[in-house]
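Working notes, beginning with the structure itself.
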Amino acid sequence: MSKSVAQDMIGWLLGMHASVAEIAAELDSVALNGVIWHDHDIVHPFHWLLNDDTGTYLIEPTQYHLTLQALPLGVLTNSPPLRKAASKTNQLSRNRSKGQ
């Protein structure tokens, strides 16, 4: 059974779960609704940051489901997706080390 979660996902996550592991175990059953938010004509690809004793994690919407992954960069943006942001950061770091 799928759980439909409104915009206040962090409140629901923190209110219903004691750890990131508990969230991870239930994440496949969470369904987000594509709703126009405020006066924009798009559905925003929100990301959620979680932290517990085991580390810092990101919940990121993908085309078909939500993913939970460790947050290696220590920063969070809603766009671009984490994989693309990490790639850009790595490229900038390589360029900086080469003196470019």
Side-chain angles (χ1 to χ4, degrees):
M1 172 194 261
S2 213
K3 292 174 181 59
S4 182
V5 178
Q7 225 26 58
D8 187 18
M9 184 157 161
I10 289 294
W12 176 78
L13 291 171
L14 295 176
M16 302 299 291
H17 305 88
S19 69
V20 173
E22 285 184 16
I23 292 168
E26 192 173 359
L27 199 57
D28 282 343
S29 70
V30 175
L32 295 178
N33 295 320
V35 176
I36 302 298
W37 193 50
H38 291 291
D39 61 348
H40 301 113
D41 292 337
I42 62 172
V43 175
H44 294 274
F46 287 105
H47 293 69
W48 296 274
L49 182 68
L50 302 170
N51 184 280
D52 68 7
D53 292 344
T54 65
T56 302
Y57 302 88
L58 171 72
I59 294 178
E60 182 172 48
T62 63
Q63 185 174 359
Y64 299 107
H65 60 279
L66 297 172
T67 62
L68 177 72
Q69 51 200 311
L71 188 61
L73 302 176
V75 296
L76 173 65
T77 63
N78 275 331
S79 186
L82 180 61
R83 181 177 290 159
K84 190 171 186 177
S87 176
K88 285 182 177 185
T89 301
N90 289 335
Q91 181 63 42
L92 288 171
S93 178
R94 284 191 297 272
N95 289 346
R96 180 176 283 169
S97 67
K98 292 178 184 177
Q100 295 178 347

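In what follows, residues are counted from 1 in the order of the sequence shown.
- Residues Tyr57 and Ile23 fail the side-chain proximity criterion, which asks for heavy atoms closer than 4.5 Å.
- Side chain of Glu22 to backbone of Ala18: a donor-acceptor contact under 3.5 angstrom is found.
- Taking CG of Leu71 as the start and CG of Leu58 as the end, the distance is 5.5 Å to the nearest 0.5 Å.
- Proximity of a side-chain donor or acceptor of Asp52 to a complementary backbone N or O of Ser19 within less than 3.5 Å is not detected.
- The two residues Pro61 and Trp48 make their nearest non-hydrogen contact at CD-CZ3, 4.4 Å.
- Put simply, the side chain of Thr67 gets close to the backbone of Glu60: a donor and an acceptor are under 3.5 Å apart.
- At least one side-chain heavy atom of Leu50 sits less than 4.5 Å from a side-chain heavy atom of Ile10.
- Distance check: Ile59 CD1 to Leu68 CG gives 5.5 Å after rounding to the nearest 0.5 Å.
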